[in-house]
Amino acid sequence: MISIKQTFYLDHNIKDVYEFVNDPVNEVSWVSSVKKVEQMVDDQLRLQYDFLGRKETFVMQISTEAFHLRNYKSVEGAFPMKGQQSFESIKDGKATKFDWYFEMDPRKYFGLIPLMIIKKATEKVMKKDGTNLNKLISQSMMSV
């Protein structure tokens with residue numbers, strides 16, 4: 001089992017951050033391991049991932065509390081995974097604290113790669129994705 005929690009401080013209000021993260025169209029741009037997203041029924045997304053050279057499709061069940069939480073868990077896929085993204089308004093509403101928790105149990109899916117290496121690679125990708133999120137939200141606001 002691999003569990004990771006990272007925190008990011010974003011220079012955008014909570015509404016803009018929440019709406020960007022929760023829009024399935026944006027998933028491919030800000031989660032670098034996601035290559036394709038398909039909206040399904042009942043708050044489910046079909047996501048095609050490419051991570052550590054392995055391509056896999058997962059169906060994720062999404063639940064939200066507006067401007068506060070986004071939970072997701074796999075209901076189909078090669079191994080179980082789940083996560084939570086929480087949003088907290090900071091700096092008098094001008095910025096957002098974004099906590100991202102992710103958990104997966106890949107078992108032997110990645111072959112002989114040790115879990116510690118998989119965890120380190122996942123942490124690196126999440127850090128890059130979370131850091132890049134600020135820039136992507138700025139760009140999306142300029143294009144509106």
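Computed from heavy atoms alone, side chains included, the values below leave out hydrogens, waters and symmetry copies. All residue numbers in this chain count up from 1 along the given sequence.
- Counting heavy atoms from C-beta on, the side chains of Val37 and Val25 never come closer than 4.5 Å.
- A cation-pi arrangement is present between Arg54 and Tyr109 under the rule of less than 6.0 angstrom and at most 45 degrees off the ring axis.
- With values rounded to the nearest 0.5 angstrom, Glu56 atom CD is found 12.5 Å from Ser33 atom OG.
- To the nearest 0.5 Å, atom CG of residue Leu115 and atom CZ of residue Arg107 are 11.5 Å apart.
- Heavy-atom minimum distance, Val17 versus Leu10: CG1-CD1, 3.7 Å.
- A 4.5 Å side-chain heavy-atom check between Ser29 and Phe20 finds at least one atom pair inside the cut-off.
- Criterion: ILVMFWY side-chain heavy atoms under 4.5 Å apart, direct or through other members. Under it, Ile117 and Tyr49 are part of a common hydrophobic cluster.
- Of all heavy-atom pairs between Thr122 and Met104, the closest is OG1-CE, 3.4 Å.
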Stepwise side chain to side chain contact (heavy atoms under 4.5 Å, CB included) test for Tyr18 and Thr96: CA-CA 9 Å; Tyr18 176 84; Thr96 302; over 6 Å; no
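- If you chain together hydrophobic residues whose side chains sit under 4.5 Å apart, Ile137 and Tyr9 never meet in one group.
- Note that CD1 of Ile2 is 11.0 Å distant from CE of Met81, once rounded to the nearest 0.5 Å.
- In terms of heavy atoms, Met60 sits closest to Leu47 at CG-CD1, 3.5 Å.
- Using a 4.5 Å heavy-atom threshold, the side chains of Phe8 and Thr131 count as touching.
- From Lys128, atom NZ reaches atom CG of Leu133 across 12.5 Å, with rounding to the nearest 0.5 Å.
- Asn13 places no side-chain N or O within 3.5 Å of a backbone atom of Gly93 that could act as its donor or acceptor partner.
- The main-chain N or O of Glu123 is found under 3.5 Å from a side-chain atom of Gln6 such that the two form a donor-acceptor pair.
- Under the 4.5 Å side-chain contact rule for hydrophobic residues, Val75 and Val34 do not share a cluster.
- Residues Ser138 and His12 have side chains that bring a donor and an acceptor to within less than 3.5 angstrom of each other.
- Between Asp129 and Lys127 no salt bridge is recorded (no basic side-chain N to carboxylate O distance below 4.0 Å).
- Among pairs with a residue in residues 72-81, those fulfilling side chain to side chain donor-acceptor pair (under 3.5 Å) read Tyr72-Trp100, at least two apart in sequence or across chains.
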Intermediate values then yes/no, side chain to side chain contact (heavy atoms under 4.5 Å, CB included), Ile62 and Gln44: CA-CA 6 Å; Ile62 310 293; Gln44 290 185 348; over 6 Å; no
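- In this structure the side chain of Phe67 reaches within 4.5 angstrom of the side chain of Glu19, judged on heavy atoms.
- Taking 4.5 Å as the limit, every side-chain heavy atom of Leu45 sits out of range of all side-chain heavy atoms of Val59.
- Contact check for Leu136 versus Asn132: side-chain heavy atoms found under the 4.5 Å cut-off.
- The line from CG of Asp43 to OG1 of Thr64 is 7.0 Å long, rounded to the nearest 0.5 Å.
- With contacts defined as side-chain heavy-atom distances shorter than 4.5 Å, the pair Tyr101/Ser3 qualifies.
- Note that CD of Glu38 is 13.5 Å distant from CD of Glu27, once rounded to the nearest 0.5 Å.
- Classified by interplanar angle (parallel below 30°, tilted 30° to 60°, perpendicular above 60°), the ring pair Phe110/Phe79 is tilted.
- Evaluation of the side chain to side chain donor-acceptor pair (under 3.5 Å) test over residues 80-92, restricted to residues two or more places apart or in two chains, returns Arg70-Gln85, Asn71-Gln84.
- At a threshold of 4.5 Å between non-hydrogen side-chain atoms, the residues Val125 and Phe51 count as touching.
- Salt bridge absent: Lys35 and Asp50 never bring a charged side-chain N and a carboxylate O closer than 4.0 Å.
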